[in-house]
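We're numbering straight along the sequence, starting at 1.
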Amino acid sequence: MNAGKLVIIILTLTGGCVLLMWMGELITKAASHGISLLIFASILAPTGGITAWINGGTMERLFFPIIAILVIVAVVFVQEGQRRIRSSTRDAAG
C-alpha cells in the first residue's frame with residue numbers, strides 16, 4: 001500500500017466519522033440521544049427484522065411487535081429505576 005492510498009483511507013474514515021457526529025448532533029437537537037440512535041440503527045440494519053416481519057409467517061408477525069414492546073418496557077424500567085441507599089448518619093444531639 002502506498003502513501004497516497006493511506007492518505008485517502010484516513011481522510012475517508014475521518015470524514016465519515018465527522019459526518020456521523022454531525023448527524024448525531026442534528027438528531028439530538030430534534031429528539032435526544034442522536035448518536036445512540038444511530039448506533040442502534042446500525043446494529044438493527046443487518047438483522048433484516050422488518051423484512052422478516054413482512055415476508056414471514058404468523059409467528060414472526062406475532063412475536064416481533066411483542067418482543068419490541070417488551071424491550072422498550074425493559075429499557076424504560078431500568079432507565080427510570082431509583083436506587084434506594086440507606087443513610088446511617090447520626091443526629092447531632094445524640
To the nearest 0.5 Å, what is the distance between CZ (Phe63) and OG1 (Thr58)?
10.5 Å

Same cluster (ILVMFWY, side-chain, under 4.5 Å), Val73 and Ile66
no

Calculate, to the nearest 0.5 Å, the distance between atoms CE and CD1 belonging to Met23 and Ile35 respectively.
9.0 Å

Trp22 and Ile27: same hydrophobic cluster, using ILVMFWY side-chain contacts below 4.5 Å?
yes

Path from Leu6 to Leu13 over hydrophobic side-chain contacts below 4.5 Å
yes

Could you measure the distance from the CG atom of Leu62 to the CD1 atom of Ile67? Nearest 0.5 Å is fine.
9.5 Å

Closest non-hydrogen atoms of Leu20 and Leu38, given as atom of the first, atom of the second and distance, are O-CD1, 3.6 Å

